[in-house]
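The figures that follow rest on heavy atoms only: side chains count, while hydrogens, waters and symmetry mates do not.
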Amino acid sequence: MTEKKHLFDEPKNVRRLLQVFFAALGVLLIPDFIFHKHTYFAWEEWPEFYPVFGFVACVVLVLVAKYILRPLVMRRESYYD
Amino acid sequence: MTNAIPPAAVFIIGGLLIPLFKGKARALWMLFLPVAGFVLLLYTPVDTVLDCKFLDMELTLFRADRLSLLFGYIFHIISLITVIYILNFKETTEFVAGFVYAGAAIGAVFAGDLFTFFAFWELLTIGSVMLIWQRRTKAAMGAGFRYLLIHAFGGLVLLAGIVMYTQEQNSIHFGEIGLSGLSTWLIFVGLGVNCAWPLLHSWLTDAYPEATIGGTVFLSAFTTKTAVYALARAYPGAEALIWIGVAMAAFPIFYAVIENDLRRVLAYSLINQVGFMVVGIGIGTHLSINGAVAHAFNDILFKGLLFMSMGAVIHRTGKINATDLGGLYKSMPLTALFCIIGAASISAFPLFSGFVSKSMVMEAAAHDNLTGVWLVLLFASAGVFHHAGIKIPYFAFFSHDAGHRVEEAPLNMLIAMGIAAVLCVGIGSYPAPLYAILPFTDVVYKPYNYSHVMSQTQLLFFSALAFTMLLRAGIYPAEIRATNLDSDWFYRKGGRLFFAGSDLIFNGMNRLADLIFVKGMTAALCRFARRAPAHLTGLILTPFWRLTGDPQTAKKEKARMNRNFSSGTLGLGIIGLSITAYLVILFLLNV
């Protein structure tokens, strides 16, 4: 008996999801050039401040966690036993 | 008003009665208790106080103002949800411990004096440690003991502070304390232990992932939030809290990225979220404190929801490490959906609950021109989406298929998660009822405006882009079975170092004493006692032997005597003679 195929077993669906996601990203880049944001800090009004911040923050987060924190703190699973 | 029934009594007494009920009656009783408590609370007017005399103190067992009522409401709501969630378990101890624990938290937030507060605070520790031990694994036992020790320490610091403070103030009233002298700092740190401040936090990430499935849901709601309440009550505007909160918001997200146990990932993100609340209390404006307690309210719901979804995963698959999971959306689609709602809420997506409360703290920080604080909080907002918002649902329900073909979570668990999910979306989409019960009524805050919605959406979508790209590029850290060191190292390994040191010092002293006194002096005494007669006799007799013969004879005689002494064959005759002579003398003297 073959198992029922699920939504993301089909590579086409994964591809489609990613396409929608990337399209949404593209759309989200547009408004900063058209509308004005009411903000507290000057840099919040720079176009694409939030997209760039979100992207860079997460890349930095992952790189620091992987290349700095993990070598420092990772021990074998039974370390405390 | 003296005829009010404190809801804490409903929980604790009602909880202790649970073992009397069986089957359906027990389920009904357990559902009845939080509902009854909640109804009592709804009919409690603001500023109700219930006093009672104890020894020569005037205790305020119950004090309902806007701040305590808000925490009271949410504690009741999450209790009801958690009770529904655990109904399919048949663990009487867990039920009782859960109710005592929830009752203690409710008692603490309604306590009007410091001693009542302290009593409930300690009960909180007892109830919670039972929920950890109830898992009955070796890891849970160890984590429970460490948890107990840390909280006992925190409790003692708090008690010392309270005793000193009440002596200084000549009052046990629990109101704003503020940082001024040693006593206030002791209370501050005592509260900080339960609030999981950096370096004091490791009991949380150590113990919460080891508790029972339902226990962790209870735990995530009460201990830290009771501490948040107490800080909001006693230390609003204490600047130290801003920096403590910033550290709490920032450092756990790095750990969460590399952690494999998904409930431990959630434990780290719990500290991260409490960090936002602590910053809000530290800023101390009406907006920021409203934001802090509103975020506590929301966090209890979405963190509970996330822990419930992970609990359902453990319940069905027996696994919780990201390395053992994946593809569960196929067999647990509803749990996956609820998990995603919780994840969207904690990440503060527009229309989800985190969006309407976290931003109050951020805006308060911006309003006070705390630029650095604001930037770190923004970084933490992106980071929390990364590890709690994406990592949790992705590794549990999607990612590579780990091959688990299990049933969907039991109905009662689905109902509990469903209620929490509806509340998360409801509050996020229509926050007015939550705003109406916040402590300060003079604050007008509108979360939904173009700038806020657009900024937050851009931030989150491009965080997601970073995740997607890092994952596809193979840079995202693969989940590895491992232990990640944290500040619990100091008492877990440090404890062993202490043990080894004590072993060296005290057992060394023991060995030395053994060598000198037991093996050395006692042996010398024994030798002396054994040989002394021979030596003494030898001393007396040698001159005679010398006189009577050659040195050879003397030597021979001496050797014979030593032999006789050591073998005890000195001649019974001599002893007999001596005794006879002694008796004769006694007889002659006629004693």
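When heavy atoms are compared at a cutoff of 4.5 Å, A:R76 approaches chain B solely by way of its backbone atoms N, CA, C and O. For B:W374, the part sitting under 4.5 Å from any heavy atom of chain A is the side chain, from C-beta outward, and nothing else. Within the 4.5 angstrom heavy-atom criterion, atoms from both the backbone and the side chain of B:I258 approach chain A. The parts of B:Y255 that come within reach of chain A are both its backbone and its side chain, each placing non-hydrogen atoms under 4.5 angstrom from that chain. Looking at B:D261, there are no atoms closer than 4.5 Å to chain A (heavy atoms on both sides), in backbone or side chain. For a residue to count as touching a neighbouring chain, one of its non-hydrogen atoms must lie under 4.5 Å from one of that chain's; by this rule A:L7 touches chain B with backbone and side chain alike. Looking at B:A464, both its backbone and its side chain come within 4.5 Å of chain A, counting heavy atoms on both sides. Residue B:H387 does not touch chain A at all, counting heavy-atom pairs closer than 4.5 Å. There is no contact between B:F385 and chain A, counting heavy-atom distances below 4.5 Å. Neither the backbone nor the side chain of B:N449 has a heavy atom closer than 4.5 Å to any heavy atom of chain A. Looking at B:T468, the atoms closer than 4.5 Å to chain A (heavy atoms on both sides) all sit in the side chain, from C-beta outward. If you measure heavy-atom distances from B:L378 to chain A, the contacts under 4.5 Å come from both the backbone and the side chain.
Taking CD of B:E259 as the reference point, atom CZ of A:R70 lies at 9.5 Å (rounded to 0.5 Å). Taken to the nearest 0.5 Å, the CD1 atom of B:I253 stands 8.0 Å off from the SG atom of A:C58.
With B:S463 contributing its side chain and A:F55 its backbone, the two residues share no donor-acceptor pair below 3.5 Å. Checked by atom type and distance alone, the side chain of B:Y450 never pairs as donor or acceptor with a backbone atom of A:F35 at under 3.5 Å. Between the side chain of B:R492 and the backbone N or O of A:Y80, no donor-acceptor pair lies under 3.5 Å. Under a 3.5 Å cut-off, the side chain of B:S451 and the backbone N or O of A:T39 do not form any donor-acceptor pair.
Between A:Y79 and B:K493 there is a side-chain heavy-atom pair separated by less than 4.5 Å.
Note on A:F41, A:F22, A:F8: by heavy-atom pairs under 4.5 Å with chain B, the leading option is A:F41. Interface check for chain A: of the options B:F379, B:F462, B:F398, B:F467, the most heavy-atom pairs under 4.5 Å are formed by B:F462. Taking B:S455, B:A482, B:A366 one by one and counting their heavy-atom pairs under 4.5 Å with chain A, the maximum is reached by B:S455.
A:S78 and B:T483 make their closest contact through N-OG1, 4.4 Å (heavy atoms, listed as atom of the first residue, atom of the second, distance). Considering all non-hydrogen atoms of both residues, A:L61 and B:G383 come closest at CD2-CA, 3.7 Å.
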Verdict with reasoning, B:Q458 to A:D32, per side-chain hydrogen bond (donor to acceptor under 3.5 Å, both in side chains):
CA-CA 10 Å; B:Q458 288 173 329; A:D32 275 9; 3.2 Å; yes

What verdict does the side chain to side chain contact (heavy atoms under 4.5 Å, CB included) test give for A:V59 and B:M469, after you've listed the backbone C-alpha separation in whole Å, the side-chain angles of each residue and the deciding distance to 0.1 Å?
CA-CA 9 Å; A:V59 171; B:M469 286 176 65; over 6 Å; no

Decide yes or no on side chain to side chain contact (heavy atoms under 4.5 Å, CB included) for B:R472 and A:L18, but give the supporting numbers first.
CA-CA 12 Å; B:R472 290 175 83 85; A:L18 283 174; 3.1 Å; yes

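Ring orientation note: the planes of A:Y40 and B:H367 are nearly perpendicular, at an angle over 60° on the 30°/60° scale.
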